[in-house]
> 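Below: one structure in structure tokens.
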Amino acid sequence: MNSHLTSLRTALAVAGLAAAALLTLLALTGASASAAKPKVYECQHPLVTGQEAVNPKGVTPQEACKVVRSLGKFLSKPANIRKLYACQGAGGHTPVLKMDEFEGWKLKLQNYAFIMYKPGAHFRVTGTDFPVNCS
């Protein structure tokens, strides 16, 4: 009888550890899934081309959107589009920046993502065919 009690205690301890491990796994999975979701701020009202500031760090969404809207206004002129970037490579589908700065913000393309940054601040710019489109 004593061995049955010991076996029962062991089984309950193992079940408790398994439950704790499962809860920890669920908590970590949920936290990483929500952390991976980007913070997207629509900068244009009413929404026309989807000018968006994504994951602004070190800058408020309002400040990021101000420069995103200014970039949109700049790119409303076809000559300025040609100043900002060119489409190169096979079939002309690879954007290459010609400008490296806009209104005090440095510009870069990283894996086709358009990023604006300055010391201590950065955000990604997205939208429908904005700010670059080489499709």
Side-chain angles (χ1 to χ4, degrees):
M1 177 134 144
N2 209 5
S3 66
H4 291 298
L5 188 55
T6 303
S7 296
L8 181 59
R9 284 184 184 158
T10 303
L12 288 174
V14 169
L17 287 174
L22 180 60
L23 288 173
T24 301
L25 179 63
L26 289 173
L28 289 174
T29 304
S32 64
S34 65
K37 187 175 180 181
K39 285 283 206 176
V40 179
Y41 297 92
E42 292 180 358
C43 298
Q44 208 177 26
H45 302 285
L47 192 63
V48 179
T49 63
Q51 296 173 2
E52 301 163 336
V54 181
N55 289 338
K57 303 287 186 224
V59 60
T60 67
Q62 295 80 9
E63 292 171 308
C65 279
K66 182 178 178 183
V67 73
V68 168
R69 285 189 304 272
S70 184
L71 180 63
K73 186 175 180 181
F74 175 78
L75 294 175
S76 68
K77 297 177 182 161
N80 288 340
I81 293 171
R82 291 186 294 276
K83 287 180 189 176
L84 178 66
Y85 70 98
C87 297
Q88 298 180 352
H93 295 292
T94 305
V96 176
L97 287 180
K98 295 164 108 179
M99 292 173 54
D100 61 358
E101 189 173 321
F102 181 79
E103 294 186 359
W105 288 86
K106 298 285 186 186
L107 309 175
K108 70 178 175 180
L109 283 173
Q110 186 174 1
N111 298 327
Y112 295 95
F114 188 91
I115 299 168
M116 300 184 84
Y117 67 99
K118 49 172 76 170
H122 64 90
F123 58 94
R124 194 163 36 100
V125 181
T126 62
T128 309
D129 299 333
F130 177 81
V132 295
N133 179 22
C134 290
S135 56

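Numbering of residues begins at 1 and proceeds along the displayed sequence. As the structure is a prediction and not an experimental result, all values here were calculated from the model.
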> Hey, quick one: are Val54 and Val59 part of the same hydrophobic cluster, counting side-chain heavy atoms closer than 4.5 Å, chains of contacts allowed?
no
> Just to verify, which of Lys108, Lys118, Lys106 counts as forming a salt bridge (Lys or Arg N to Asp or Glu O under 4.0 Å) with Glu101?
Lys106
> Do Val40 and Val125 share a hydrophobic cluster (ILVMFWY, side-chain heavy atoms under 4.5 Å, transitive)?
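Cluster IDs for Val40 and Val125 differ.
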> Give me the atom names and distance for the closest heavy-atom approach of Pro56 to Lys39.
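Minimum heavy-atom contact is CD-O, 4.2 Å.
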> About how many Å separate CD of Gln44 and CZ of Phe130, when rounded to the nearest 0.5 Å?
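Answer for the CZ-CD pair, Phe130 versus Gln44, is 8.0 Å.
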> Rounded to the nearest 0.5 Å, how far does NE2 of His93 lie from SG of Cys87?
9.0 Å
> Identify the heavy atoms of Lys83 and Lys98 that sit nearest to each other, and give their distance.
O-CB, 3.3 Å
> Would you kindly confirm whether Leu97 and Ile115 end up in one hydrophobic cluster when ILVMFWY residues are joined by side chain heavy atoms under 4.5 Å apart?
no
> With Phe102, which residues qualify under ring-ring contact (aromatic ring centres under 6.0 Å, His included), at least two apart?
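If we apply the ring-ring contact (aromatic ring centres under 6.0 Å, His included) test to Phe102, skipping adjacent residues, the hits are Phe74.
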> As an exercise, state the distance from NE2 of His122 to CE of Met116, rounded to the nearest 0.5 Å.
13.5 Å
> Taking the side chain as C-beta and beyond, is there a heavy-atom pair between Phe114 and Leu109 under 4.5 Å?
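Phe114 reaches Leu109 side chain to side chain.
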> What's the shortest heavy-atom distance between Ala53 and Cys43, and which atoms?
N-SG, 3.7 Å
> Using only atom types and a distance under 3.5 Å, with no angle test, would you say the side chain of Asn55 pairs donor to acceptor with the backbone of Lys57?
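Answer holds: no.
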> So how far is it from Thr126 OG1 to Glu42 CD, rounded to the nearest 0.5 Å?
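Nearest 0.5 Å value for the OG1-CD distance: 9.5 Å.
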> Taking the side chain as C-beta and beyond, is there a heavy-atom pair between Leu107 and Tyr85 under 4.5 Å?
no
> Less than 4.5 Å apart, side chain to side chain, heavy atoms only: is that true for Phe123 and Val68?
yes
> So which heavy atom on Cys134 is nearest to which on Ala86, and how close?
SG-O, 4.4 Å
> Quick check on the hydrophobic clustering: are Ile81 and Leu71 connected, directly or via other members, by side-chain heavy-atom contacts under 4.5 Å?
yes
> Does atom NZ of Lys73 have more than 12 heavy-atom neighbours, drawn from other residues, nucleotides or ligands, at distances under 6.0 Å?
no
